[in-house]
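First up is the structure itself, then whatever we jot down about it.
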Amino acid sequence: MSTLPSAADQDGPALSQQSAADQGRLPLREPAAADLARTAARAAGDLLAPPAPVRLDDVVPAPEQVRPDPGADYLLTPDAVIRVSTGPAALAVAEQLAALLRPATGYPLPVTDAARPEPAGGIALVLVDDETLGPEGYQLDITPAGVRIAAAGPAGLLHGVQTLRQLLPAAIESRTPVAERWALPGGSITDRPRFAYRGAMLDVARHFFGVEDVLRVVDHLSRYKLNHLHLHLTDDQGWRIAVDSWPRLAAVGGVGEVGDGPGGFYTKADYQRIVAYAAERHITVVPEIDLPGHTNAALVAYPELAPAGTVPTPYTGTEVGFSYVDPASERTYDFVTDVLAEVTAMTPGPWLHIGGDEAFKVKREAYTGFVERAQRIVAGLGKTVVGWHQLAPAGHVDGRVLQWWGTDADDPTTAEAARRGARLLLSPGNHAYLDMKYAPDTPIGHDWAGLIDLRRSYEWDPGAHVTGVPETAVLGVEAPLWTESVTSLPEVEFMLFPRLPALAELGWSPRATHDWDRFRDRLAGHGPRWTAAGITFHRSPEVSWPTEAPAEVPAEAPTAAPAAAPAAAPVPAGPMPAGPRPAIPTQPGPDDAPATAPSV
Ligand code: TNX
């Protein structure tokens, strides 16, 4: 809490009095009684004020270092200003901060890049030349006089902003003004990530999700300092990205999805909108074109790519492993080259994901030959190849990344690929798969990799998970959400929350901070935030959610059973049985969000 403001902190009358005194003259006028009363009332209010409701060490993911100073809370007031020290990059983050804080506070929060070396008061965002913070680290200082976020780059500033957002009362998530005391806990945080790659995957092929839904998922990633969005753009049930040189892929292959929905696809403009929106949040989009299996939709569009003697038909079921492009045909490599070149041209990030999973019907040698050629095509396009860990036996190419989705962390082939230089992206099916059910009665999701409650999603160590793979070979973590049974944004959120923050903490926080009991305590305060933001979440019984948060309301009727399998029967290797499903409990959607947030 602040002490009495010094003369220099005060406005109008006090300043003129001070300068008059400096000049050895009598003040021009005595401070008005009302001014004195206001100053006294403010000081008394500060002294009597309750401490900030959120503790400095309640942040998720846990920061590297937290130094609380309980006597140094900061109160955000209606006249606060957001100042930046340098340049357009910091200014953009300052605008993002203002946009996050304006709706609930109702404060104008003007953003200014007034060139003052160390701006006083309000919130200052400062770019500094400090290599120790790295590209994503930040330093946050909260004192009664103001808040300062310093970072070496805009990504670090934005991470600092997300921390600041979590330190304000939960009602900050409301989209309409709330009468609240906007206090921030005093102290300092120094923070930077453990792993460079922290992401989530959204399968837009099994069920299609429109651009707005994807942007909202991007917001969720940003909230928890994730920096990659992997889009699973193609699969048996749908091809979701426009490709000019093979136009039927989207026009024909984009029709339909699991069940009887219409499907859809992203135009190039749609995709670029997602990429740009993510980039503004320092999130890199990783596009996946799944090859050589999971290609039924492409084969329906272009039967010439199918192995001789097969007649592909649209597929709306949930089996896997039955389709593949013909690895023996040169036409297949024209297709792969053209598609990957067009995807490369609209993807600024360094990665191209070529899938490689569950190509059960392709013989081992043909598979390896195909993957090695596809890897070379990706390298030729100047991108770094990513693939599911089934790529491991194929020859090494520079920088390649294998996405581990196994459930028994003992895989000599993957360990050997890591020894040859591959980096690992960890998505263990039994910890990181967001399409697994939380519990036997979770109304949607699978259980082939086991049930994944919050504790299971938290209790593993990415740096020591796969036998024989050292932490130095681990690029990071990713939580995939497959959508065979996930049909809407509330259902996406229900599977993401609260497990996505657990994964985010594994990717960001130093291992020394790992502590299940502290984690679930810290996370509990996020329930009211999600409620205020209109985010649907699973009220995991492992967390003592504050009682004020509204209970889950059943909101969905069971959907129809997915359509039957096509005549050319797929291999029944799918992990998920098709069939009707029960209702999922959801919270009010964005439009029904409460106007004011419940207090924590
Ligand atoms: C396995 S994990 C798959 C997906 C399914 C998922 C369902 C992986 C690389 N392949 O095709 O959607 O299981 O959990």
Side-chain angles (χ1 to χ4, degrees), residues 199-209 230-240 257-259 286-298 315-324 353-362 367 371 374 385-392 394 401-409 411 413-414 424-438 442 444-452 456-457 466 477-487 491-492 495-496 499 503 562 565 570-579 581:
M201 186 206 81
L202 183 63
D203 169 9
V204 294
R206 270 51 178 274
H207 278 97
F208 181 65
F209 294 87
H230 167 184
L231 289 175
H232 182 76
L233 289 167
T234 66
D235 214 302
D236 293 319
Q237 298 85 348
W239 182 282
R240 309 300 182 198
E257 57 188 1
V258 169
V286 182
E288 178 185 353
I289 304 297
D290 202 348
L291 298 163
H294 289 274
T295 39
N296 189 67
Y315 184 62
T316 58
T318 60
E319 307 291 350
V320 297
F322 58 92
S323 64
Y324 61 103
H353 199 307
I354 58 167
D357 57 317
E358 298 173 324
F360 297 144
K361 289 197 159 180
V362 183
Y367 174 84
V371 167
V385 74
V386 186
W388 300 104
H389 74 264
Q390 278 67 35
L391 257 53
V401 175
L402 304 179
Q403 185 166 6
W404 169 263
W405 62 282
T407 51
D408 112 15
D411 180 26
T413 316
T414 297
L424 249 62
L425 183 54
L426 290 180
S427 304
N430 52 343
H431 292 285
Y433 263 35
L434 297 177
D435 61 322
M436 293 301 127
K437 290 173 182 284
Y438 291 93
T442 304
I444 53 174
H446 309 156
D447 61 7
W448 66 262
L451 301 170
I452 303 185
R456 192 160 185 80
S457 63
V466 180
V477 294
E478 188 180 286
L481 179 58
W482 302 100
T483 59
E484 286 94 336
S485 71
V486 178
T487 64
E491 291 181 356
V492 167
M495 300 307 259
L496 255 53
R499 293 181 292 196
L503 189 285
V571 176
M576 195 199 114
R581 62 204 180 115

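Along the sequence shown, residues are numbered consecutively beginning with 1. For ligands, and for the atoms within them, numbers begin at 1 and follow the listed sequence.
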Heavy-atom contacts with His446 under 4.0 Å: which atoms of ligand 1 show up? List them by number with element. 7 (C), 14 (O)

Test of proximity, Trp482 against ligand 1: N or O pairs below 3.5 Å: no

Is it true that Arg206 lies under 4.0 Å from ligand 1, counting heavy atoms only? yes

Give a yes-or-no answer on whether the side chains of Glu491 and His207 include a donor-acceptor pair shorter than 3.5 Å. no

Report the C-alpha separation of Tyr315 and Phe322 in whole Å, then their side-chain angles, then the decisive distance to 0.1 Å, and conclude whether the ring pair (Phe, Tyr, Trp, His ring centres under 6.0 Å) test is met. CA-CA 11 Å; Tyr315 184 62; Phe322 58 92; 4.7 Å; yes

So the atoms of ligand 1 within less than 4.0 Å of a heavy atom of Glu358 turn out to be 1 (C), 3 (C), 4 (C), 10 (N), 11 (O)

Close approach, His294 and ligand 1, non-hydrogen under 4.0 angstrom: yes

Check: Tyr433 N/O within less than 3.5 Å of ligand 1 N/O: no

Could you tell me whether Asp435 and ligand 1 have an N or O pair separated by under 3.5 Å? yes

Is any side-chain heavy atom of Val401 less than 4.5 Å from a side-chain heavy atom of Leu425? yes

Report the relative orientation of the aromatic rings in His232 and Trp482; use parallel for angles under 30°, tilted for 30 to 60°, perpendicular for over 60°. perpendicular

Would you check whether Trp448 has a nitrogen or oxygen atom less than 3.5 angstrom from a nitrogen or oxygen atom of ligand 1? yes

Return the orientation label for the Trp405 and Tyr433 ring planes: parallel under 30°, perpendicular over 60°, tilted otherwise. parallel

Measure the spacing between OG1 of Thr442 and CE of Met495 and express it to the nearest 0.5 Å. 6.5 Å

Would one find an N or O of Asp203, backbone or side chain, under 3.5 Å from an N or O of ligand 1? no

Whether the Glu288 and His230 side chains hold a donor-acceptor pair (N or O, under 3.5 Å, no angle test) is what I'd like checked. yes

